Engineer: 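Below is one structure. I have some questions about it.
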Amino acid sequence: MIEMAAHLGYSTVAINHVFEFESKKMEIGKPISTKELFSTLPTVQGKSIPIKILTRLTIIASDPSHCNVLRSTSPSTRLYDIVAVFPKTEKLFHAACTSIDVDLICINVTEKAPFFFRRPPINAAIQRGIFFELVYTPAIKDSTLRRYTISNALSLMQVCKGKNIIISSGAERALEMRGPYDIATLGLLFGLTEGVAKAAVSTNCRSAVLHGETRKTAFGVVYTVKKTCLEEEEAEPVCKKAKKS
C-alpha cells in the first residue's frame, strides 16, 4: 500500500494503529518502525523524493475511561506522530471536541450517525485546531455504505461549513486507494467546494501533522496583550475622574 501511495503521488502516508479496549489493563504498543518495512523508501511519482511514513494511533472510545490514555502527559501517545479518536457516543464526541488532546476526530461512515452534530462542540474543535476525518473507502465498496458516508458527511458540512476536514483512505488493500485528484472530486459529493476538497487532501493534512508535533512538544502557550489608552481610561476608578458640572 505504501508503494501504491508513492506511485499515486502521495508524498506522506500514515500507518494507522487502531486500538480498541477489550479490558481495562490493555496497554498501547509501540508503533512499527519504518526500518522494519523498507531498506530503501519508495520514490514519490513525479517528485523524485522518498515517501515520508508517519505513525498514527486511533483510539476507539465507547466509554469515558478509554480517553484516559489520550492525556497530553501520556507516554504512549507521545510515540505517535498523529493521534485520533473514534467516539461512539455523543458525550464522547463532545469531550473529544472540547477537552481531549487529539489531532483528529473520526466520523462514522459505515452506519447512520447515532447522534446529531451540534455547532458549539464542533466550533470548539475548530478553534483548538482539531480536524474531522472522513474515510472514503467504504463509499467505493458498497452502495449502502456509500449512502451512509454521503449522508453523514453532508450532516457534518452543514455545521462545520467545510472547515477542518480531512479525507483519507483507511485502506487495507492497495486496490482500495485512489489518487489525490480523484479524492478531491469525491469530496464534492460530500458537500465540499472545489477549493475545500483539495485542501482536505493537502494543506489540512499538513496542518494536522503540525498539530501533532505541537501536541508532543508544547504543554501550553502564554501570550500578552497591551492595553490601549482607551481601555486604561475606562478602567480608572470613578472617584478619581474629574467631576463635570
Side-chain angles (χ1 to χ4, degrees), residues 1-20 31-32 37 42 44-45 51-62 80-88 93 96 102-115 117 130-157 160 162 164-194 196-209 212:
M1 287 192 294
I2 294 174
E3 291 175 342
M4 174 62 76
H7 177 72
L8 292 173
Y10 291 101
S11 58
T12 306
V13 295
I15 300 177
N16 191 17
H17 299 252
V18 182
F19 188 83
E20 186 170 7
I32 191 170
L37 300 175
V44 179
Q45 181 81 12
I51 192 169
K52 185 177 181 180
I53 303 176
L54 304 176
T55 56
R56 166 180 162 174
L57 173 67
T58 300
I59 300 292
I60 300 178
S62 56
Y80 292 85
D81 299 307
I82 303 171
V83 175
V85 62
F86 192 154
K88 290 291 189 177
F93 181 82
V102 294
D103 309 310
L104 295 177
I105 298 176
C106 306
I107 303 300
N108 193 349
V109 295
T110 58
E111 60 183 5
K112 185 178 179 180
F115 52 85
F117 297 112
I130 297 174
F131 290 80
F132 300 96
E133 180 192 45
L134 294 170
V135 177
Y136 68 79
T137 301
I140 62 177
K141 280 184 177 180
D142 181 81
S143 59
T144 302
L145 296 179
R146 186 182 307 120
R147 184 168 64 251
Y148 288 139
T149 303
I150 295 175
S151 175
N152 294 351
L154 291 175
S155 298
L156 178 64
M157 296 311 143
C160 74
N164 288 36
I165 297 295
I166 282 178
I167 303 178
S168 63
S169 68
E172 297 179 354
R173 296 183 302 169
L175 293 176
E176 296 173 348
M177 302 186 71
R178 298 293 183 271
Y181 293 102
D182 295 334
I183 304 310
T185 303
L186 186 63
L188 301 178
L189 297 177
F190 296 164
L192 301 175
T193 61
E194 183 177 356
V196 175
K198 289 181 179 179
V201 293
S202 57
T203 55
N204 287 359
C205 302
R206 191 177 301 113
S207 298
V209 174

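Model, not experiment: these values are computed from the prediction.
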Engineer: Look at the side chain of N152 and the backbone N and O of N108, then say whether any donor-acceptor pair between them is shorter than 3.5 Å.
Structural biologist: yes
Engineer: Distance from T185 atom OG1 to K198 atom NZ, nearest 0.5 Å?
Structural biologist: 9.0 Å
Engineer: Identify the heavy atoms of C106 and E133 that sit nearest to each other, and give their distance.
Structural biologist: SG-OE1, 3.3 Å
Engineer: Measuring from atom OG of S155 to atom CZ of F115, what distance do you get when rounded to the nearest 0.5 angstrom?
Structural biologist: 11.0 Å
Engineer: Give the minimum heavy-atom separation between L192 and A200, together with the two atoms involved.
Structural biologist: CD1-CB, 4.3 Å
Engineer: What are the two closest heavy atoms between A208 and L104, and how far apart are they?
Structural biologist: CB-CD2, 4.1 Å
Engineer: Show the numbers, then the answer: is there a side chain to side chain contact (heavy atoms under 4.5 Å, CB included) between L189 and R146?
Structural biologist: CA-CA 10 Å; L189 297 177; R146 186 182 307 120; 6.0 Å; no
Engineer: Using a 3.5 Å cut-off and no angle test, enumerate the donor-acceptor pairs between side-chain atoms of residues 5-14 and protein atoms at least two apart in sequence or in another chain.
Structural biologist:
| unit_1 | atom_1 | unit_2 | atom_2 | d |
| --- | --- | --- | --- | --- |
| Y10 | OH | R178 | O | 2.7 |

Engineer: Mark yes or no for whether N164, through its side chain, and I130, through its backbone, hold a donor-acceptor pair below 3.5 Å.
Structural biologist: yes
Engineer: Which pair of heavy atoms, one from P138 and one from L145, lies closest together, and at what distance?
Structural biologist: O-CB, 3.4 Å
Engineer: Measure the CG-CE distance between D182 and M177 for me, rounded to the nearest 0.5 Å.
Structural biologist: 12.0 Å
Engineer: If we check side-chain contact (heavy atoms from CB on, under 4.5 Å) with D81, which of these qualifies: I15, L54, V209?
Structural biologist: L54
Engineer: Could you pull out all residues at least two apart from H17 that satisfy ring-ring contact (aromatic ring centres under 6.0 Å, His included)?
Structural biologist: Y80
Engineer: Measure across M4 and A174 and return the closest heavy-atom pair with its distance rounded to 0.1 Å.
Structural biologist: CG-O, 3.8 Å
Engineer: Drop me the distance from F132's CZ to I107's CD1, to the nearest 0.5 angstrom.
Structural biologist: 6.0 Å
Engineer: Which residues pass the salt bridge (Lys or Arg N to Asp or Glu O under 4.0 Å) test with K141, not counting sequence neighbours?
Structural biologist: E176
Engineer: Taking C-beta and beyond as the side chain, do I167 and L186 meet within less than 4.5 Å on heavy atoms?
Structural biologist: no
Engineer: Look only at the side chain of N204 and the backbone of I166, and say whether a donor-acceptor pair between them is shorter than 3.5 Å.
Structural biologist: no
Engineer: Assess the pair Y136 and F190: is the distance between their ring centroids shorter than 6.0 Å?
Structural biologist: no
Engineer: Where is the tightest heavy-atom contact between P87 and F93, given as atom of each residue plus distance?
Structural biologist: CB-N, 3.6 Å
Engineer: Is I59 close to V102 at the side-chain level, that is, under 4.5 Å between some pair of heavy atoms?
Structural biologist: no
Engineer: For Y181, does the OH atom have more than 12 heavy-atom neighbours from other residues, nucleotides or ligands under 6.0 Å away?
Structural biologist: no
Engineer: Is the side chain of S151 donor-acceptor paired with the backbone N or O of R147 at a distance under 3.5 Å, no angle test?
Structural biologist: no
Engineer: Kindly say whether V109 contributes a backbone atom to a donor-acceptor pair with the side chain of T149 at under 3.5 angstrom?
Structural biologist: yes
Engineer: Between I165 and M157, is a side chain to side chain contact (heavy atoms under 4.5 Å, CB included) present by the stated rule, with each step listed?
Structural biologist: CA-CA 9 Å; I165 297 295; M157 296 311 143; 3.7 Å; yes
